[in-house]
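Okay, so here's the structure we're looking at.
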Protein chains: 2
Amino acid sequence: MTLTLPEKILQAASELFYSQGIRATGVDAIVKAANTTKMSLYKYFPSKDDLVLAFLRKRDEDFRVWFAGQVDAKADTPKTKLLAIFDVIGEWMAIPEFRGCAFINAAAEFPLEGNPVHQVSAEFYEHFRSYIADLAGQYGSKSPETLALQLSLLIEGAIVSEQMKRHSGAAGQAKQAAIILIEGSSSHIPDISLPTNDSRRSDE
Amino acid sequence: MTLTLPEKILQAASELFYSQGIRATGVDAIVKAANTTKMSLYKYFPSKDDLVLAFLRKRDEDFRVWFAGQVDAKADTPKTKLLAIFDVIGEWMAIPEFRGCAFINAAAEFPLEGNPVHQVSAEFYEHFRSYIADLAGQYGSKSPETLALQLSLLIEGAIVSEQMKRHSGAAGQAKQAAIILIEGSSSHIPDISLPTNDSRRSDE
DNA sequence: TTGAGACTATACCGGTCGGTATACTGCAAT
DNA sequence: ATTGCAGTATACCGACCGGTATAGTCTCAA
């Protein structure tokens, strides 16, 4: 409770925007949740749009710092970090407050490309992808950008899938697919003389 | 222009809902676009919610029929159909009116799981996934449900990614990843010296 | 000719939207 | 003691929201 007033307002707004949607959240509801008045809100945020952008920009910053921290805490090599990403995503999805990705949702609510809200959302995923590409590069992927894009597709897909239907195990499936893609992207020579467990020739 | 009035209303509403978002579209705008009056609209659709559900249900039906038709027109074996899915998605994304997936967007606008709009959206992806699982089964995948879920993650991810930033080549990347997953899911014994019926080895 | 149903026209409802005006309280620095 | 600023309280604005009431126009069939 040592938050400044603008921080308190932004926090209340963020929770409402994320849990109910941006358009579905009125300024009055934010004011009530933050236990303040419209006058104060409009002092620090000249318009609701400004508040929305502040929400997304802070979320961008916070989420990426938190995420990288979680990954670092779970793994210490590029390859294991790439895989740990999916574990972190899986844990994030498990919390009851999970309502999907704030940026995907925001982009869906403001579908025009030129809209600032849409643009900030797009930037988040650019940053996220370059984070993955960085790890992929350290790992020694043949094509870090390709691998990063493909992994991010799996991640975004898993988030959306879990948002649609909870507890569908999307993160786990995404991880299994990621393992295959990561292995396939390795510049190491693939060892083909491994256990092709017996000749169980199944039919066409 | 041989549409009945309720069809005309539904069509106008659908275009607005998809292009601008559901919450962002007022009843007055729909009425104006359909060139009719509120009284007529409320005769056929007792509430805006009913209209929204009608929009989603028709889209569900139409899209899946259209999609399967497109895939069938492009390929005639299970494996090539699985790959053709990504080509169809890619072509769909290329049209200028593309604003992502109506169901993902709707689920983002109505985030509560219990909401009928959310539920109809979730059902769409269940149907879509079982369509893929069916193809995967015909193909002879070791685990059709697993492959179907993984491919659907790639597809959903590609749609979201393209929605965020147009012309990012997401569908192509998704297809490349899908090829690897499909090959890996084959119950056939991988034999590098044997030409498979239709595909050359596309990756190292 | 009449009347029923489809559709239009328009005014209206209470409520909420984002945003503003005005006046007030409490407190800290001068 | 006074000023100035952070924040409160509340009433208000025009616009729009989803939805309704009432009355009028058109066509077509009995």
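Residue numbers start from 1 in every chain, and the chains themselves are labelled A, B, ... in the order their sequence lines are given, proteins ahead of strands.
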In sequence, state the C-alpha distance, the side-chain angles, and the governing distance for B:Glu15 and B:Arg99, and then conclude on salt bridge (charged side-chain N to carboxylate O under 4.0 Å, His left out). CA-CA 11 Å; B:Glu15 282 166 15; B:Arg99 293 271 126 82; over 6 Å; no
Of the nucleotides [options], which one has an atom closest to the side chain of [X]?
| X | options | result |
| --- | --- | --- |
| B:Lys38 | C:dG19, D:dA9, D:dG18 | D:dG18 |
| A:Lys48 | D:dA9, C:dG18, C:dT8 | C:dG18 |
| A:Asp28 | C:dC17, C:dG19, C:dC7 | C:dC17 |

What is the distance, to the nearest angstrom, from the [atom1] atom on [X] to the [atom2] atom on [N]?
| X | N | atom1 | atom2 | value |
| --- | --- | --- | --- | --- |
| A:Arg23 | D:dC17 | CZ | C1' | 13 Å |
| A:Lys8 | D:dA6 | NZ | C1' | 12 Å |
| B:Ile9 | C:dC7 | CD1 | C1' | 10 Å |
| A:Lys32 | D:dT10 | NZ | C1' | 14 Å |
| B:Tyr42 | C:dA9 | OH | P | 18 Å |
| A:Ile22 | C:dG18 | CD1 | P | 12 Å |
| B:Leu53 | D:dG18 | CG | P | 15 Å |
| A:Lys43 | D:dA9 | NZ | P | 15 Å |

Does the pair B:Glu156/B:Arg129 count as a salt bridge with the N-to-O cut at 4.0 Å?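 Salt bridge present between B:Glu156 and B:Arg129.
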Assess whether a salt bridge exists between B:Asp60 and B:Arg64, defined as any Lys/Arg side-chain N lying under 4.0 Å from an Asp/Glu carboxylate O.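 Counted as a salt bridge, because a side-chain N and a carboxylate O are separated by less than 4.0 Å.
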Using only heavy-atom distances, determine whether the side chains of B:Asp134 and B:Gln138 contain a donor-acceptor pair under 3.5 Å. yes
